[in-house]
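Attaching a single structure in structure tokens format; questions to follow.
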Amino acid sequence: MTELEGTYRGLLLIDPPLRRQWLLDRKPASVSPVHWWLALIDLAASDVRRQHCGWPSHQPGADMSLAVFLIDLASEHGFPTDLAIEQLASLIRIALDAGQRVQDLPASARPDTVARRAVDSFGMTREQAVSRAASLRAIPLTEDDFVHPGEDWQTRWQALTVTADYQDYHRLLNIDRILTNLAPLVDYMTDAHLVADVQAWLQVLTELDPVPEVITPSEQTPEESLDRTD
């Protein structure tokens, strides 16, 4: 059993009111916080899936409430919103496919709540998103976008990550991922205004791609190029 699995199994035995601090006290400094939270959430989601599918288990497992608790706690400590929405949407689909009613889901894992949280995280209107994506697609890649032999790629990369183009590029990619995960939940939303808003976003989904339509070939090797799609 790995240290992470040991932490997860120990968490299952802790009284719910004590879980928050118990878990935070065991967050390792040597591991990426995002990866650590994601691994714990994946373990809990797997338990929920087994439970709803009726698969036998010989040890205690997480229920829906614990899985959602982990996502909520992770979100309080820097877990990316797009990953949280993806995990919540997956749990909701598992529960609904198993016949669970929407009103019986944990409050923060109901379709309306998840969708509202998602839309609030976008940070731009639909019109702004469509316009910004178009402007980024129109920027051609040139030789200046590639690292040349002997150049300090780390310095180049750090300089790139603080630019508005880079940040908006990834913001748009995150919006795309979030909307893709929200799409299956629209039929379970009850707030008419929210449904209309999400549907309007989905209608422009194909226009939110910021990746340049034409990429100028380069003589640089793949290892030397800056990855602009991750």
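What's counted below: heavy atoms across the whole structure, side chains too, no hydrogens, waters or symmetry copies. Only a predicted model underlies this, so the values are computations on that prediction, with no experimental measurement involved. Residue indices begin at 1 and follow the sequence shown.
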Has the side chain of Asp191 got a donor or acceptor atom that lies under 3.5 Å from a matching backbone atom of Leu194?
yes
Residues which pass side-chain contact (heavy atoms from CB on, under 4.5 Å) with Gln51, listed by chain and number, not counting sequence neighbours
Asp63
Show me the pairs that pass ring-ring contact (aromatic ring centres under 6.0 Å, His included) and involve residues 95-140, at least two apart or across chains.
Phe122-Trp201
What about Val68 and Leu18, same hydrophobic cluster or not, with Ile/Leu/Val/Met/Phe/Trp/Tyr joined at side-chain heavy-atom distances under 4.5 Å?
yes
With rounding to the nearest 0.5 angstrom, report the CG to CD distance, Asp168 to Gln128.
10.0 Å
Has Glu5 got a side-chain atom pairing as donor or acceptor with Thr2's backbone, closer than 3.5 angstrom?
yes
Would you confirm whether Arg20, through its side chain, and Leu73, through its main-chain N or O, come within 3.5 Å as a donor-acceptor pair?
no
How would you list, by chain and number, every residue that makes a side chain to side chain donor-acceptor pair (under 3.5 Å) with Arg26, sequence neighbours excluded?
none
Side-chain donor-acceptor pairs of residues 80-90 under 3.5 Å, sequence neighbours excluded:
none

Examine distances only and state if a side-chain atom of Glu207 and a backbone atom of Val204 form a donor-acceptor pair shorter than 3.5 Å.
no
Any chance you could lay out the side-chain contact (heavy atoms from CB on, under 4.5 Å) test for Lys27 and His77, step after step, and finish with the verdict?
CA-CA 11 Å; Lys27 188 167 65 169; His77 293 270; 4.2 Å; yes
Could you tell me which non-hydrogen atom of Trp37 sits nearest to which non-hydrogen atom of Leu23, and how far apart they are?
CZ3-CD2, 3.7 Å
Tyr8 and Asp42: side chain donor to acceptor below 3.5 Å
no
Derivation and outcome, salt bridge (charged side-chain N to carboxylate O under 4.0 Å, His left out), residues Arg9 and Asp47:
CA-CA 11 Å; Arg9 293 302 164 194; Asp47 280 348; 3.8 Å; yes
Checking side-chain polar atoms at under 3.5 Å, does Thr180 have a donor or acceptor matched by the opposite partner on Arg177?
no
Begin from the C-alpha positions of Met124 and Ile175 and carry the test side-chain contact (heavy atoms from CB on, under 4.5 Å) through to its verdict.
CA-CA 10 Å; Met124 57 176 68; Ile175 291 174; 4.2 Å; yes
side-chain contact (heavy atoms from CB on, under 4.5 Å) filter on Leu96, not counting sequence neighbours, yields Ile92, Val102, Tyr188
Could you verify whether a donor N or O on one side chain and an acceptor N or O on the other, from Arg117 and Ser75, lie under 3.5 Å apart?
yes
I'd like to check the salt bridge (Lys or Arg N to Asp or Glu O under 4.0 Å) partners of Arg93; sequence neighbours left out, ordered by chain and number.
none
To the nearest 0.5 Å, what is the distance between CG on Leu38 and CG on Leu70?
11.0 Å
Looking only at non-hydrogen atoms, find the nearest pair between Pro212 and Leu136 and report the distance.
CG-O, 4.3 Å
Give a yes or no on whether Glu3 atom CD has more than 12 heavy-atom contacts from other residues, nucleotides or ligands under 6.0 Å away.
no
